[in-house]
*Asks:* 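Have a look at this one.
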Number of protein chains: 2
Amino acid sequence: MSQMLQIHDQLREMILSLDLGPGERLTERWLESRFEGSRTPIRAALVRLEGEELVRRDGRNWIVAPIDLGELEALAEFRIPLETTAVRLACARASAADIAGVEEMLDACQSGAPREEWHRVGTDFHVEIARLSGNPFIVKAIAGAMTRLSRARWLEVWTEPSREQAWREHRRILGFIKANDPDSAAREAADHITDTRDRLLRSLNEDRRGLRARGFAVIGLR
Amino acid sequence: MSQMLQIHDQLREMILSLDLGPGERLTERWLESRFEGSRTPIRAALVRLEGEELVRRDGRNWIVAPIDLGELEALAEFRIPLETTAVRLACARASAADIAGVEEMLDACQSGAPREEWHRVGTDFHVEIARLSGNPFIVKAIAGAMTRLSRARWLEVWTEPSREQAWREHRRILGFIKANDPDSAAREAADHITDTRDRLLRSLNEDRRGLRARGFAVIGLR
DNA sequence: AATCCCGTTTTGGGATACCAGTATTGTCCC
DNA sequence: GGGACAATACTGGTATCCCAAAACGGGATT
């Protein structure tokens, strides 16, 4: 694989895992030494990441895209029509094998699993459901939305019951798709997105102090 | 403005105007002489355009993204839930001044206007409506969808009546938003997207011969 | 005439060199 | 000690250079 793609993926991972703080400045020279490559592939990776909005320009400088918690509502508003459409289409189009694949993914995440695993599966579930719709534009849009959501979800204080609740909702959505009940699946999906948003916002609000202590600007959080 | 952005914008325009044929190979050296800049900014522009899916890699080469007419259905399927949501939100949120702005845009496109003008306004209308929703994610998604549609719409054989029909539908949508009738606006928007898709597909089907003569692969067109 | 093969050319990927602008720092004067 | 200012260090933007690999071409062979 080309060096640029390696750098892109690694940097992406570092950003999404909060290894690099939101808003943190990135100089091409630092990245040069960090990844032991020249500025050429590094610049390409940065331009690419800029397209994914994981990196942004601040004047002439590069910075890790800040987390704007104020966009959480808009994100839910965006996801609801898309994901309800996705599950409806999934009911019409997904094969039993496709559905089983997603089910398996959920099963693989047992209660002993590490935090990263829960985080990843919780994101991938929505993308995989979107994939069942067979519409690549929906898939990409949902994947992008989940990426933007991803870092804020690390900040969330996950309690066992809230996590269990989310998983129950995932299973219910999948169950309705399996049962070929598009209306219920769509209702469940919309409710899940709303619930998740509220859980997230509540958690972040309760933990404002903790967030600030960890150096996160709590901008846009009402 | 940086040279890279200039190159990006010019190249983008050349692609969207079909100045560069879909599938056409782009060598960095040709672009170098064409834009009188070195490969560095050109490569950055290409990476950027790749993110917008206007340019693609074919092995090691760069090519102008082909037009896949088969994705027209998926695109409509994607737009309908988003744009119906957008008009509903617009009803709730758009100010009279905002609406008047869009109205003005439609008015500015009189029957004597050049083809480019119709094309541009026909695209921008949907983006502006999305903007009235106040949701930036919806705006960006619609803008991206309209970009992908853009080139196929150049291929369309525009008859006077079909163009008039589209404009009537635009006005109707806007009228319902103005009248604060979200249900009608949403229905009208969905119908418009479906109608437009059908008009486009019919036109392209009738003109297959013409398309091929102009060098366009009619892939994915049923 | 078709095909294979090898040298040449051209390509994109990466590294480096250079520049102009900007921020920083250190210093000198008050 | 504090503020103005100049030298300096560092940044991203661009141009150029080098390389390996892929594409191309042309001639020899069948």
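Every chain is numbered from 1 and lettered A, B, ... according to where its sequence line falls, protein lines coming before strand lines.
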*Asks:* Relative to A:Trp62, does A:Arg57 satisfy both conditions: NZ or CZ under 6.0 angstrom from the six-membered ring centre, and within 45 degrees of the ring's axis?
*Replies:* yes
*Asks:* Find every protein N or O atom lying less than 3.5 Å from an N or O atom of nucleotides 7-14 of chain D, and list the pairs.
*Replies:*
| residue | atom | partner | partner atom | Å |
| --- | --- | --- | --- | --- |
| D:dT11 | O2 | A:Arg60 | NH2 | 3.0 |
| D:dG12 | OP1 | A:Leu26 | O | 3.3 |
| D:dG12 | OP1 | A:Glu28 | N | 3.4 |
| D:dG12 | OP2 | A:Glu28 | N | 3.0 |
| D:dG12 | N7 | A:Arg29 | NH1 | 2.4 |
| D:dG12 | O6 | A:Arg29 | NH2 | 3.4 |
| D:dG13 | OP1 | A:Arg57 | NH2 | 3.3 |
| D:dG13 | OP2 | A:Arg43 | NH2 | 2.1 |
| D:dG13 | O5' | A:Arg43 | NH2 | 3.4 |
| D:dG13 | N7 | A:Arg39 | NH2 | 2.8 |
| D:dG13 | O6 | A:Arg39 | NH1 | 2.9 |
| D:dT14 | OP1 | B:Gln3 | N | 2.8 |

*Asks:* Any side-chain heavy atom of A:Ile177 sitting closer than 4.5 Å to one from A:Ile129?
*Replies:* yes
*Asks:* Could you tell me which non-hydrogen atom of B:Thr84 sits nearest to which non-hydrogen atom of B:Val87, and how far apart they are?
*Replies:* O-CG2, 3.1 Å
*Asks:* Side-chain contact test, heavy atoms from C-beta onward, threshold under 4.5 Å: evaluate it for A:Leu26 versus A:Ile63 and give yes or no.
*Replies:* no
*Asks:* Say whether A:Arg88 and A:Ser133, considering side chains only, have a donor N or O and an acceptor N or O under 3.5 Å apart.
*Replies:* no
*Asks:* Taking A:Ser162 for the side chain and A:Trp158 for the main chain, is one N or O donor matched with an acceptor at less than 3.5 Å?
*Replies:* no
*Asks:* Have A:His8 and A:Glu52 got a donor and an acceptor in their side chains that come within less than 3.5 Å?
*Replies:* yes
*Asks:* Measure the distance from CG on B:Leu31 to C1' on C:dG12 and round it to the nearest whole Å.
*Replies:* 12 Å
*Asks:* Starting from the first five and the last five pairs of the helix from C:dA1-D:dT30 to C:dC30-D:dG1, work out the angle between the resulting helix axes, to 10 degrees.
*Replies:* 10°
*Asks:* Answer yes or no: is there a side-chain heavy-atom contact under 4.5 Å between A:Ile15 and A:Arg12?
*Replies:* no
